[in-house]
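Working notes for the structure below.
Labels below follow one simple rule: chain letters A, B, ... track the order of the sequence lines, proteins then strands, and each chain is numbered from 1.
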Amino acid sequence: MQAFETQLRDALSNATGVPAADLRIENPRDPALGDLAFPCFVLAKALKKAPPAIAAELAAKLNDELEGIEAIATGPYINFKVERGLLAKTIVGEIEAQGSQYGHGTDGAGKTIVIDLSSPNIAKPMSVGHLRSTVIGAAIQRIHDALGYRTVGINHIGDWGIQFGKLVTALDRWGSEVDLESDPIKALLALYVRYHEEEEGDPTLAEQSSKNFQELESGVDGHVRKTWKRLTELSLREFDKIYSRLGVTFDEVRGEAFYEPYLESTIERIQAAGVTQMSEGALIVDLTPIRKKMAPCLLRKTDGTTLYATRDLAAVFHRHELYDFDRCLYVVGGDQKFHFEQLKGVLKRMNVAWEPKVEHIAFGMMNLPEGKMSTREGRVVFLEDVLDRAAEEARKIIAEKNPELANADVIAEQVGVGAVVFNDLKREREKDIQFVWEEVLTFEGETGPYVQYTHARLGSILRKAAEAGEGTADPDWRALEDAAPLILRLGRFPAVLRSAAEHAEPSEITSWLSTCAREVNAWYTQHRVLGQEAGITAARLRLVAAAKSALAGGLALLGVAAPEEM
RNA sequence: GCGCCAGUAGCUCAGCUGGAUAGAGCACCGGACUUCUAAUCCGACGGUCGCAGGUUCGAAUCCUGCCUGGCGCGCCA
């Protein structure tokens, strides 16, 4: 598709004298009008003519020099229609040439993108809320990988902070009553909840916790640190189970604790920039020069310990020194917008040149129908349970619809997990979403399984063709005339991929996949592939293979499996 | 109170950053399995784009005000 657009821009540029870069080729609102469109409004001033007149004149001129593309003036627009055989041959050819790398490129060569994703908290369960950061972040990383960027996916584990002081206190008091080995996360969660219940009536708890955290932060390798280490190990082991089901890996897994040795130098660095001051016993950076009434950023509390912001500042400097990134993306919930404004605010006050490269890629909150999720109040949905139930549901449907299927359990897992992941990626990321079981367990319509099913059906056609030895003839590309909407959709994938990267928006990929799958389904139900005249079957098979490959490529970017059968 | 984000079909959402007659899925209704997997397809129904002004050849999209919902606002992360 890109090739056609370039050709049109050059031709328009030649005809008008306007630089090709200033000419925007669009998609017509109604596909019946044409495959590509050029609105003539932008030329009205330069040429001092009404857009419809320009369109008519230019269309006539272009028709003399364009081969295989027809220009049709429609009001103020010029619509372009590529000759169907040429269109099919070109797009299918591009997909065949690039295979599983279709649409990929080297746009990002030499550029580094750092992505902070997932970032669960030690001793807390991975909820469906963490799913968002993990799955969105991983998709953004794959999308950039496909465009040739060097990407660094960092899992920034929440393993530091006063709550570890609290947990150590809780373990010391009641640890003997819980079973940490069989289900550590749930046991720790129960302890955490109990701690908060009892803290009100027993002030010694808070005192002890504060002492514990001070000891932890002091670096003393004693009881507190040993307990903390054990907690992180137990938790990480649990998290890994889920990451492996989601097919997510990281280039760097570092806890906040990793930045412990960098905290002092970071604070010194900020002080050296002359932007710190003491306020009510705490060390702060005043941010009102950035925005009126903006709350200050606290670097050090009255008790001398550091905060989340301090550690994140240490981390961002460290990352910049290590990777010299072109973009540093934080895939973190929208409820932390203010935190990142503060982080960037401090960098701005320090006149750090690369501050604009740091971006908060916020996503909407996941809520339950009965209200906001709350770990403390036990109002959470565990990710593991969601994946399990989705896989079970998929297994049931397979038993019903395709009982002969080999590896049914493996495929049920792929379909179930695919449904959950796709569901999480299908809306614009900044929108809040409500977690509704029924919705997650739906496998029809705009869902992962729908796309997977379409892919499997295409695979089935190819297998049957191979058995029958069909498709060896020269393709008759004109036989794909009715497939034009599908072919055009396939042709637009490279542009969609680039747009998704620029906006850090995986939903552009899911949306393309849904539409493309719908077009595939609409096409093949009306056009039988096998057993036609040899040239026709050959052409249709080439399209089937290309569409299957493109769908698989899109799913791969999202981390969703594309089973051959289901 | 202040600051961000959102409001499009009964529900969940697209709408290509200002362009053509606002589109999908779900739900509901009517059709299609001796034919490459019916997790599918075809059709019908469904709209005061939150409200009111403004900017211009043109606004769901931009600016202002208001209404509604979500999130955040100094020693949690």
How long is the line joining CZ of Arg395(A) and P of A39(B), in whole Å? 16 Å
Of the listed nucleotides A39(B), C41(B), A77(B), the one nearest the side chain of Asn121(A): A77(B)
Side chain of His503(A), heavy atoms from C-beta onward: which of U17(B), C36(B), C41(B) has the nearest atom to it? U17(B)
Nearest listed nucleotide, side chain of Leu298(A), among G74(B), G72(B), U40(B): G74(B)
For U35(B) and Arg528(A) - does any side-chain N or O of the residue sit under 4.0 Å from the phosphate oxygens OP1/OP2? no
Check whether any side-chain heavy atom of Arg311(A) sits under 4.5 Å from a side-chain heavy atom of Tyr262(A), and report yes or no. no
Would you classify U21(B) as syn or anti? Syn applies when the glycosidic angle is within 90° of 0. anti
Within the 4.0 Å heavy-atom criterion, would you say Pro39(A) contacts the bases, only the backbone, or no part of the nucleic acid? nothing
Determine whether Ser511(A) and Lys426(A) make a side-chain contact, defined as any pair of heavy atoms from C-beta on separated by less than 4.5 Å. no
In whole angstrom, what separates Gln434(A)'s CD from C26(B)'s P? 20 Å
Minimum-distance nucleotide to Val529(A) side chain [options: A39(B), G72(B), C36(B)]: C36(B)
Encoded 5' to 3' (Watson-Crick or G-U under 3.5 Å; [ ] crossing; | other strand), RNA chain B becomes (((((((..((((.....[...))))..((((.......))))......(((((..]....))))))))))))....
Need one value for Arg300(A): base, sugar-phosphate or nothing, where a base atom within 4.0 Å counts as base even if backbone is also close, heavy atoms only. nothing
When you check the phosphate oxygens OP1 and OP2 of C41(B), does a side-chain N or O of Tyr453(A) lie under 4.0 Å from one of them? no
For Glu444(A) and G25(B), what is the distance between atoms CD and C1' respectively, to the nearest whole Å? 11 Å
No-H, no-angle donor-acceptor pair, Asn521(A) side chain to A38(B) base, under 3.5 Å: no
Does the distance from a Lys or Arg side-chain N to an Asp or Glu carboxylate O, for Arg300(A) and Glu264(A), drop under 4.0 Å? yes
From C-beta outward on Phe338(A), which listed nucleotide comes closest to its side chain: G72(B), G15(B), A77(B)? G72(B)
For the residue pair Tyr524(A) and Arg457(A), establish whether any side-chain heavy-atom pair is separated by less than 4.5 Å. yes
Any non-hydrogen side-chain atom of Ile509(A) less than 4.5 Å from a side-chain atom of Leu555(A)? no
Would you kindly give the CG-to-P distance between Asp335(A) and C4(B), to the nearest whole Å? 18 Å
Hey, does Glu508(A) reach any base, or is it just sugar-phosphate, or nothing, if we go heavy atoms under 4.0 Å? nothing
Sugar-phosphate only, base, or nothing, as touched by Arg24(A) at under 4.0 Å among non-hydrogen atoms: sugar-phosphate
By the 4.0 Å heavy-atom rule, please label Leu462(A) as base, sugar-phosphate, or nothing. nothing
Can you find a side chain N or O atom of Arg29(A) that sits less than 4.0 Å from OP1 or OP2 on A22(B)? no
Short side-chain N/O contact to U37(B) OP1/OP2 from Lys464(A), under 4.0 Å: yes
Short side-chain N/O contact to U40(B) OP1/OP2 from Arg518(A), under 4.0 Å: no
Using a heavy-atom cut-off of under 4.0 Å over every strand shown, decide if Met294(A) touches base, sugar-phosphate, or nothing. nothing
What is the nucleic acid contact for Asp159(A), judged by heavy atoms within less than 4.0 Å: base, sugar-phosphate only, or nothing? nothing
Checking side-chain contact (heavy atoms from CB on, under 4.5 Å) between Leu299(A) and each of Thr266(A), Thr306(A), Val285(A), Ile284(A), which is the one that passes? Val285(A)
Using a heavy-atom cut-off of 4.0 Å across all strands, would you classify Gly161(A) as base, sugar-phosphate, or nothing? sugar-phosphate
Sugar-phosphate only, base, or nothing, as touched by Ala522(A) at under 4.0 Å among non-hydrogen atoms: sugar-phosphate
Give His455(A) one of three labels, base, sugar-phosphate or nothing, depending on what nucleic acid heavy atoms sit under 4.0 Å from its own. nothing
Identify whether any heavy atom of Lys426(A) sits under 4.0 Å from a base atom; if not, whether one sits that close to sugar-phosphate; answer base, sugar-phosphate or nothing. nothing
Choose from C4(B), G15(B), G25(B) the nucleotide whose nearest atom is closest to any side-chain atom of Glu446(A). G25(B)
Does the side chain of Met365(A) reach to within under 4.5 Å of the side chain of Lys372(A), using non-hydrogen atoms? no
Please work out which of the three classes, parallel, tilted or perpendicular, describes the rings of Tyr192(A) and His196(A), given edges at 30° and 60°. perpendicular
What nucleic acid atoms does His156(A) come within less than 4.0 Å of, heavy atoms only: base, sugar-phosphate, or nothing? nothing
Within the structure shown, what part of the strands sits under 4.0 Å from Leu530(A) by heavy-atom distance: base, sugar-phosphate, or nothing? base
Side-chain N,O (Arg457(A)) to OP1/OP2 (A38(B)) below 4.0 Å: yes
Compute the centroid of each ring, for Tyr259(A) and then for His156(A), and state whether the two points are separated by less than 6.0 Å. yes
For Glu430(A), which contact category applies under a 4.0 Å heavy-atom criterion: base, sugar-phosphate, or nothing? nothing
Whether Lys431(A) contacts A14(B) is assessed here as follows: a side-chain N or O lying under 4.0 Å from the phosphate OP1 or OP2. Is that the case? yes
Mutual orientation of the aromatic rings belonging to Phe213(A) and Trp160(A) [parallel < 30°, tilted 30-60°, perpendicular > 60°]: perpendicular
Is the glycosidic angle of C28(B) within 90° of 0, making it syn, or outside that range, making it anti? anti
